[in-house]
Amino acid sequence: MKVHEYQAKEIFASHGLPVPKGEVATTVDEAVAIAEKIGGPVMVKAQVHVGGRGKAGGVKYAEDIEAVRKHASAILGMDIKGLTVEKVLITEAMDIDEEYYVGLLMDRASKSPMFIVSAAGGIDIEEVARTTPEKIHTLVIDPRYGAQAFQARRLAYGVSSDPAVVKGMTKALLTLYRIYVESDASLVEINPFIKAKDGSVWAVDAKLNIDDNALYRQPKIEAMRDLSEEDPSEVEAKEAGLSFVKLEGNVGCLVNGAGLAMATMDLVKYFGGQPANFLDIGGSSNPDKVVTAMKIILRDENVKAILFNIFGGITRCDDVAAGLIKAVEMLDVPVPIVARLTGTNEEEAREMLKGTKLHPAATMDEAVQLALELAGEGK
Amino acid sequence: MSIFVNKDTKLVVQGITGRDGSFHTKQMMEYGTQVVAGVTPGKGGQKFEGSVPIFDTVAEAVKETGANTSVIYVPAAFASDAIREAVDAGCRLVVCISEGVPVNDMAVTYKYVKERGAQLIGPNCPGIISPGQSKVGILPAQITAEGKVGVVSRSGTLTYEVVDQLTRNGLGQSTCIGIGGDPIIGTGFLDCLEAFENDPETEAVVLIGEIGGDDEERAAEYIQTKMSKPVVSFIAGRTAPPGKRMGHAGAIVSGGKGTAESKVKAFEAAGVRVADKPSDIVPLLAESYEPARKALEGR
């Protein structure tokens, strides 16, 4: 789960990190009021869960109130990579002297948290990693003991010899580690971490991603969830215990198991089509889940055919067939459905599906090719 | 022979009285797995299905029954503790089926298991089966057959799909292992490949990877430098959009890393054949593995 910059900054500030003054606004008038309260030049920053806000025009410097009004009206309602900006953060503009990157994430290779620090701050760290990897310093932390002060100090000295920066960054790194552990994060990041012209250091931006598996014990963070930032179908699917990701194609896919669901999408592409979605119904043949899954798929008007790909292991195919038949009876399905049910009790399932409008298929290859043919007819 | 589990596997089931635990314990017992004990705190002294003794702690279960392997079906919030309990009690192998274990907990648990010299499979995995010997987990035994192909995968049902195709083509398996779909797992591709290479009864290996992480890339290097047995691979997620978690917590392309293209490229560079689709796996295996060629010809 992602939280907004302003929410991450609240968490950072509550742990004692130096964060510039600021508040979030949903209207232009609110933005102006906040700017007046802060006094002096401010930044107007779009609050959306995508990277590259600056390049998209979602982050602007405002010298005076008139500029705040102008930028806030332009940014509120702006579309950034498919998301509408509903909130802007109005925050004190800092007099930046130096910019650094500091972050902490779960490193899969070492199976441990890893600090990333760079003197090339303020720009996309992935870009830095690609073009000038020598500017990136990393340090793996043993999660049993946590981050040690000497480790943070060593990292800070790696990018600066300015005593104020080293001291501020050392403290920031240790604080980030504490936030990371306490909030069950998968990523915490300050980009840029700056030294202002007066020598003080600040977290000018803030990013915090939380491990979805741990949300059950992070009620305060879960309450920060902004559903307007998420695809409504994906939210609905999640509530029903399904994994769903919308894609751009016209073949709706309904599969049990994430790996098989990905392989099914890939096969649609292999045979020249485009999948409309990723959907894993999980290990259950519960008809209600199948109905919800079908509803979500059918909401997408691009869908011209639906492909069921079920591998019955412990789950019995006849159970799934019963759920499928019920779902089709309950819903008015305007597109053809191809059903490939294989594994435990597949013969029984095939018998049950005889005489229905469903198109049976024996193998994955056959099912996908049939679905593509039918989707073509639907055009 | 086989890897990790065999006829000598003596299993304790953590969470044996739960919905999943009890269902799958019955399946494992029917298959012939030696289920010697169950653990559910508060239910010690009872018997499961009238025969398997239930204990309050794993330590007691191991002491009383000599269990050497544990399988875990407890809710995710308790899974890390269950893993540590099993290792502390002396289980050399722990298979964690539970899905949704907090990743930062797993980072510490992984170290805990390693420093005590034990082995963890999973979490968020379907388990492991050595056909004809032992099944630990939830893999459907009826699609497997005794034989000499090793199967290792990050997936569940996709593994079944591939195993089913092997079996239908007359190619049995030495061991099928699902290593799990989480970002941090106890046993990776490398561990399994090494074990298969050293197992005299395994003659060829099928590796099923997916997007996320770089375990496949490292597996490719290992196969090229260390393995003598033929390996065929498949990578799921070629059409997955970046930044989206595809069901499995670990199946995500982030920061341009962990793409299917990168994995396919790594395998191809290492001389490992990559199937474009699951149904190509057996034909590709036939190119380098004689029994597969004969099996296909005989059809």
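So that the names make sense, note that chain A is the first sequence line, chain B the second, and so on, each numbered from 1. This structure is a prediction, so every number in the text was calculated from the model and none was measured.
- Rounding to the nearest 0.5 angstrom, the gap separating the CD1 atom in Ile281(B) from the CG atom in Leu166(B) is 7.5 Å.
- Within the structure, salt bridge (charged side-chain N to carboxylate O under 4.0 Å, His left out) contacts touching residues 239-257 of chain A (residues at least two apart or in different chains) are Lys246(A)-Asp300(A).
- For Thr264(A), no part sits under 4.5 Å from any heavy atom of chain B, backbone or side chain.
- Chosen from Ser153(B), Ala77(B), Gly243(B), Gly258(B), the residue pairing most often with chain A at heavy-atom distances under 4.5 Å is Ala77(B).
- Side chains of Asn302(A) and Asn250(A): no donor on one and acceptor on the other come within 3.5 Å.
- No part of Ala260(B) comes within reach of chain A, as not one of its non-hydrogen atoms sits under 4.5 angstrom from that chain.
- Heavy atoms closer than 4.5 Å to chain B are found in the side chain of Asp365(A), but not in its backbone.
- For Lys244(B), the part sitting under 4.5 Å from any heavy atom of chain A is the side chain, from C-beta outward, and nothing else.
- A donor-acceptor pair shorter than 3.5 Å cannot be found between the side chains of Arg340(A) and Thr363(A).
- Proximity to chain A is limited to the backbone of Val101(B), based on heavy atoms less than 4.5 angstrom apart.
- Looking at Gln274(A), neither its backbone nor its side chain comes within 4.5 Å of chain B, counting heavy atoms on both sides.
- Of the listed residues Val108(B), Asn104(B), Val103(B), the one with more heavy-atom pairs under 4.5 angstrom with chain A than any other is Asn104(B).
- With chain A as the partner, the residue from Gly181(B), Gly156(B), Gly247(B) showing the most heavy-atom pairs under 4.5 Å is Gly247(B).
- Only the side chain of Ser155(B) comes within less than 4.5 Å of a heavy atom of chain A; its backbone N, CA, C and O stay farther away.
- A salt bridge is absent between Arg350(A) and Glu347(A): the closest approach of a Lys/Arg side-chain nitrogen to an acidic carboxylate oxygen does not fall below 4.0 angstrom.
- Looking at Met106(A), only its side chain comes within 4.5 Å of chain B, counting heavy atoms on both sides.
- Heavy atoms of Arg245(B) lying under 4.5 Å from chain A belong to its backbone as well as its side chain.
- Contact annotation: the side chain of Leu120(B) never approaches that of Thr187(B) to less than 4.5 Å [non-hydrogen atoms, C-beta and beyond].
- Residues Asp107(A) and Ser110(A) have side chains that bring a donor and an acceptor to within less than 3.5 angstrom of each other.
- One finds the OH atom of Tyr222(B) at 4.0 Å from the CD atom of Glu194(B) (value rounded to the nearest 0.5 Å).
- If you measure heavy-atom distances from Ala129(A) to chain B, you find no contacts under 4.5 Å at all.
- For Pro183(B), the parts lying near chain A are the backbone and the side chain together; criterion is any non-hydrogen pair under 4.5 Å.
- The candidate with the highest count of non-hydrogen atom pairs below 4.5 Å against chain B, out of Val268(A), Thr342(A), Leu260(A), is Leu260(A).
- The main-chain N or O of Gly212(B) is found under 3.5 Å from a side-chain atom of Lys263(B) such that the two form a donor-acceptor pair.
- The side-chain tip of Arg178(A) does not point at the ring of Tyr180(A) from less than 6.0 angstrom away and within 45° of straight on.
- Contacts of Phe244(A) classified as ring-ring contact (aromatic ring centres under 6.0 Å, His included), with partners at least two apart in sequence or in another chain: none.
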- Decide yes or no on side chain to side chain contact (heavy atoms under 4.5 Å, CB included) for Glu161(B) and Met364(A), but give the supporting numbers first. CA-CA 9 Å; Glu161(B) 175 79 37; Met364(A) 251 175 101; 3.6 Å; yes

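- Between chain A and the options Pro126(B), Gly237(B), Ser279(B), Gly250(B), heavy-atom pairs under 4.5 Å are most frequent for Gly237(B).
- Salt-bridge check for Arg154(B) with Glu216(B): passed, with a basic side-chain N closer than 4.0 Å to an acidic carboxylate O.
- Contact annotation for residues 208-221 of chain A against chain B (heavy-atom separation below 4.5 Å, listed by residue number): Asp211(A), Asp212(A), Asn213(A), Ala214(A), Tyr216(A), Arg217(A).
- There is no side-chain donor-acceptor pair under 3.5 Å between Thr132(A) and Glu127(A).
- Counting heavy-atom pairs under 4.5 Å between each of Lys269(A), Met262(A), Arg108(A) and chain B puts Arg108(A) at the top.
- Against chain B, the residues from residues 139-147 of chain A that qualify, each with a non-hydrogen atom under 4.5 angstrom away, are Asp142(A), Pro143(A), Arg144(A) in number order.
- Neither the backbone nor the side chain of Ile208(B) comes within contact range of chain A; no heavy atom of the residue lies under 4.5 Å from a heavy atom of that chain.
- Side-chain atoms of Glu236(A) and Thr292(A) include no donor-acceptor pair closer than 3.5 Å.
- A salt bridge is defined here as a Lys NZ or Arg NE, NH1 or NH2 lying under 4.0 Å from an Asp or Glu carboxylate O, and Arg225(A) with Glu230(A) meets this definition.
- Looking at Ile310(A), neither its backbone nor its side chain comes within 4.5 Å of chain B, counting heavy atoms on both sides.
- Applying side chain to side chain contact (heavy atoms under 4.5 Å, CB included) to Val94(B) and the options Val113(B), Val71(B), Ile72(B) leaves one that passes, Ile72(B).
- Remark: the backbone N or O of Ala79(B) is not paired with any side-chain donor or acceptor of Ser98(B) at under 3.5 angstrom.
- The residues Asp81(B) and Arg84(B) are annotated as not salt-bridged, no charged nitrogen and carboxylate oxygen being separated by less than 4.0 angstrom.
- Using a 4.5 Å cut-off between heavy atoms, Glu115(B) touches chain A through its side chain atoms alone.
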